[in-house]
Structures are given as structure tokens and as C-alpha cells.
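Values below: all heavy atoms of this structure, side chains included; hydrogens, waters and symmetry mates excluded. Remember, predicted model here, so these are calculated numbers, not experimental data.
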Amino acid sequence: MTTIINFISGLLVIAMLLQATGCQTVDTTHTQDVGSPKYPPSDPSQVQILRTEPTRPHVRLGEVRAEPSSESVDVSKIEEALRQEAAKLGADAAVVVYDRTEVTGAWVTGPWRDRSVQPIEGRVVIAIAIKYQ
């Protein structure tokens, strides 16, 4: 009996840990600009996160988009996700150009004739991946 209780207790602890950390994800995508040069992936740890366009000569590679799963996701986790995605394009830096909460989807509930639509809002961060010349 104690083995079963210990097993269930262990599962509950694991479930609580997954719930506490599992909600802290950042979905990312990237789009390479048409006609932009292609580079091999860069080291994500070397990709800079910038808030303004650098004066140093550079070429634009594409756009990187990050959508945290909740407003409580730490900024460092969002920046790391941007670094990882920009590195896939071979970027040296990612310049954040958009950081807002916007409607990202909708919940539709109710019967066919009397449906209710509730907007789903989420944070969206967009950065431009660049390569220094």
C-alpha cells in the first residue's frame, strides 16, 4: 500500500513541476526575406538582441517572431528564443521592432445558432534578423 501511495505522490510532484514549468514556453517562427543572402546557421549565444537599428553596415536576412505562452514568461526566455530562431538564418543580431499584446486567436462557444466568440490575446515580439558586413 505504501508503494502505491509513494508512486502516486511522485506522479503528483512531477505533474505539479510540469504544470509550473510547462506553461512557460515561447513559440517562434522565422521568415527569410526574398532575395536576401543565405548564410549557414550562427551560434545563438553570439546573436545580439537590439532595440534600435545599428549604425554598423548590415544586411537584412528576415523576420523572427516570438509568441510567449503567457504574460508571465521571463524576458530572458523570450530573448533566448529570438536568438535561437535568428541564428537559424545566420544572423549576428536581432533588432526588436514590435512588442505588443494583440489578438492571437478566439474561443468559440455555445450552440450553432447562439455562438459566443471570445478573443484570445497574447504577447507578440517581432525582430529583424541582420548580418553585419
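Checking side-chain atoms of K77 against main-chain N and O of Q24 turns up a donor-acceptor pair under 3.5 Å. The backbone N or O of Y132 sits less than 3.5 Å from a side-chain atom of D92, completing a donor-acceptor pair.
Cluster membership for I126 and V73, using ILVMFWY side-chain heavy atoms within less than 4.5 angstrom, is not shared. Both I49 and V125 are part of a single hydrophobic cluster, where members link through side-chain heavy atoms under 4.5 Å apart. Both I128 and L50 are members of a single hydrophobic cluster when ILVMFWY side chains are connected at heavy-atom separations under 4.5 Å. V124 and I78 fall into different hydrophobic clusters, where Ile, Leu, Val, Met, Phe, Trp and Tyr residues are linked whenever their side-chain heavy atoms come under 4.5 Å apart, directly or through other members.
Residues L82 and V26 form no side-chain contact, since every pair of their non-hydrogen atoms from C-beta on lies 4.5 Å or further apart. A heavy-atom distance below 4.5 Å is found between the side chains of H58 and E53. Contact check for D27 versus S69: no side-chain heavy atoms found under the 4.5 Å cut-off. With a 4.5 Å cut-off on side-chain heavy atoms, P54 and I130 count as touching.
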Can you give me every donor-acceptor pair (side chain of residues 106-120, partner residue at least two apart or in another chain, under 3.5 Å) with its distance?
unit_1, atom_1, unit_2, atom_2, d
S116, OG, Q118, NE2, 3.1

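To the nearest 0.5 angstrom, Y39 atom OH is 6.5 Å from L61 atom CG. With values rounded to the nearest 0.5 angstrom, R83 atom CZ is found 11.5 Å from S42 atom OG. Atom CD of E71 and atom CZ of R123 lie 6.5 Å apart (nearest 0.5 Å).
No side-chain N or O of T28 forms a donor-acceptor pair with one of Q84 less than 3.5 Å apart.
Between E67 and R100, no side-chain nitrogen of the basic residue sits less than 4.0 Å from a carboxylate oxygen of the acidic one, so the salt-bridge criterion is not met. Here K88 pairs with E85 in a salt bridge; the nearest charged N to carboxylate O distance falls below 4.0 Å.
The two residues G62 and D33 make their nearest non-hydrogen contact at CA-OD1, 3.4 Å. Pairing each heavy atom of V47 with each of A91, the nearest pair is CG2-O, 3.4 Å.
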- List the steps, then state whether side-chain hydrogen bond (donor to acceptor under 3.5 Å, both in side chains) holds for Y98 with E63. CA-CA 11 Å; Y98 185 87; E63 185 178 283; over 6 Å; no
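Every residue was checked against the side chain to side chain contact (heavy atoms under 4.5 Å, CB included) condition with P41, not counting sequence neighbours, and none meets it.
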